[in-house]
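This report concerns only the one structure given below.
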Amino acid sequence: MHIRTNIELNIVHLATLAICPVMFFVTYAKDALCVFVMVFFAFLLSMLVCALFNKYLSSTVKVFVTAMVSCLVVTILNFLLDKYNILGLNANDMYYLAVLSTVVLSVDIYYIDTKAVVGRISTKIISAILFYFGILMVFSIFKEILGFGSIFGKVISNNFAGIEFFRGTIFSLIFLGIICAVVEAIYGYIRRKVYDKQMVYEKFVKKIRDEKMFQYDNLRRKKMLASPIDVRTIGNEEFKIIQEKSDVNETVEDNTSDSDLEDGESKEEIKPKKKKKNRRLKVSKEAKVEKMFDRKSDKGDE
């Protein structure tokens, strides 16, 4: 069982930290979309490579492999942008900051909760990508609308060309912090609801199991009470014989005739237990001490 603390990082915090390296040059929504595509392919490919060689790689080496794979992916996508000019974007060296975002996202898989992972790693990977995409797109879209008066490069209104303050670094930091706080509150609320439902389900399952155990035990006791009890009566002479043999420490033979037994039953021979030779009587430590004390007292009296 893994108990989370109130200072433990969750996926929302890591997704926000992963946006910090690219937040200064992501001014348009299409730039954010391009960065997300790079991080998406780099993250998935690096996770696949590290999963294949998980037995031979440590956590530190996995981070290094993730950085190398991310550099390769960003280089290939930069080459494609330069050649095909997708969405009107050109190759830019600033896109290599997506490598840092990929490394930050991979920290949750390699270092955090490695010994107490609840659920599958694939779920954590998908949730990390979704949170990263959601926060990045909300940040870039609102920043483009407020700072430039457009969305995905298209002007919304000719009367509004944006405000310069919303293009600066101070607004980016404040706005990213607000988004992180709102998403964290929503994420915490959903987690609490899910946890409450899980607890109700576990209590319901435990109640059913306890009820089944009670029913099984009740049926077992009724079956035992309903089973017939064989009562055997003996006379005075047979009682004296049994008592004499028990005093001599001999076995008592069953004198019941074969006709008294039910069909299919056979008489079991009772074999006497063989006493082990040279078996010493076990004496407790307190008895030994008391015996030594008695010996000393006897010598003193003499």
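Starting from 1, each residue takes its place in the sequence as its number. Keep in mind it's a predicted model, so treat the numbers as computed, not measured. Only heavy atoms go into these numbers, but all of them, side chains included; no hydrogens, no water, no symmetry mates.
Residue N54 qualifies as enclosed at atom CG: its count of foreign heavy atoms under 6.0 Å is above 12. No more than 12 heavy atoms of other residues, nucleotides or ligands sit less than 6.0 Å from atom CG of N158. Within 6.0 Å of the CZ atom in F41, the count of heavy atoms belonging to other residues, nucleotides or ligands does not exceed 12.
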**Message:** Go through it in stages, so that I can follow the logic: the residues are T66 and S70, the test is side chain to side chain contact (heavy atoms under 4.5 Å, CB included), and I'd like the CA-CA distance, side-chain angles, deciding distance and then a yes or no.
**Reply:** CA-CA 6 Å; T66 301; S70 302; 4.1 Å; yes
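Taking every heavy atom of both residues into account, F139 and F175 meet most closely at CD1-CD2, 3.6 Å. Between I141 and A29, the shortest heavy-atom distance links the atoms CG1-CB, 3.9 Å. When all heavy atoms of A32 and V26 are compared, the closest pair comes out as CB-CG1, 3.5 Å. Here the closest non-hydrogen pair linking V99 and A67 is CG1-O, 3.8 Å. Considering every non-hydrogen atom in both V39 and S101, the closest pair reads CG2-CB, 4.0 Å.
In this structure, the separation between NZ on K30 and NZ on K154 is 10.5 Å, given to the nearest 0.5 Å. Put simply, CZ on F131 and NE2 on H13 are 10.5 Å apart, with the number rounded to the nearest 0.5 Å. Between the CD atom in E184 and the CD1 atom in I135 there is a gap of 9.5 Å [rounded to 0.5 Å]. One finds the CD atom of E202 at 15.5 Å from the NZ atom of K207 (value rounded to the nearest 0.5 Å). Note that the CD1 atom of I151 and the CZ atom of F142 stand 9.0 Å from one another [nearest 0.5 Å]. The SG atom of C34 sits 4.5 Å away from the CG atom of L81 when rounded to the nearest 0.5 Å.
Legend: residues meeting side-chain contact (heavy atoms from CB on, under 4.5 Å) with F36, ordered by chain and number and at least two apart, are F40, I129, Y132, F133, L136. Under the rule for a side chain to side chain donor-acceptor pair (under 3.5 Å), T27 has no partner lying at least two apart in sequence or in another chain. Applying the salt bridge (Lys or Arg N to Asp or Glu O under 4.0 Å) rule to K83 yields no partners; only residues at least two apart in sequence or on another chain are considered. With sequence neighbours left out, Y201 forms a side-chain contact (heavy atoms from CB on, under 4.5 Å) with V205. Listed by chain and number, the residues in a side chain to side chain donor-acceptor pair (under 3.5 Å) with S58 amount to none (sequence neighbours excluded). Looking at residues two or more places apart in sequence or on another chain, you find a side chain to side chain donor-acceptor pair (under 3.5 Å) between K206 and D210. Partners of I208 by side-chain contact (heavy atoms from CB on, under 4.5 Å), not counting sequence neighbours, listed by chain and number: F204, K212. Applying the ring pair (Phe, Tyr, Trp, His ring centres under 6.0 Å) rule to Y28 yields the partners F148; only residues at least two apart in sequence or on another chain are considered.
Note on I186 and I11: separate hydrophobic clusters, where clusters join Ile, Leu, Val, Met, Phe, Trp and Tyr whose side-chain heavy atoms are under 4.5 Å apart, directly or indirectly. Residues V155 and L146 fall into different hydrophobic clusters, defined by Ile, Leu, Val, Met, Phe, Trp and Tyr side chains chained together at heavy-atom separations under 4.5 Å. L176 and M94 fall within the same hydrophobic cluster, defined by Ile, Leu, Val, Met, Phe, Trp and Tyr side-chain heavy atoms under 4.5 Å apart, directly or through other members. The cluster map of Ile, Leu, Val, Met, Phe, Trp and Tyr, joined by side-chain heavy atoms under 4.5 Å apart, puts L130 and V35 in different clusters. Transitive grouping of hydrophobic side chains (ILVMFWY, heavy atoms separated by less than 4.5 Å) brings F152 and I156 into a common cluster.
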Counting only pairs under 3.5 Å, give me each side-chain donor-acceptor contact of residues 44-53, with atom names and distances, residues two or more places apart or in other chains.
residue	atom	partner	partner atom	Å
S46	OG	A42	O	2.8
S46	OG	F43	O	2.9

Can I get a per-line list of side-chain donor-acceptor pairs under 3.5 Å for residues 16-24, giving both atom names and the distance, sequence neighbours left out?
residue	atom	partner	partner atom	Å
T16	OG1	V12	O	2.8

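Taking a 4.5 Å side-chain heavy-atom cut-off between Ile, Leu, Val, Met, Phe, Trp and Tyr, the cluster of M68 extends to F64.
Looking only at distances, no side-chain donor or acceptor of N78 sits under 3.5 Å from a matching main-chain atom of Y95.
Pairs of residues two or more places apart, or lying in two chains, that qualify as side-chain hydrogen bond (donor to acceptor under 3.5 Å, both in side chains) and include a residue from residues 161-177 are K143-S172.
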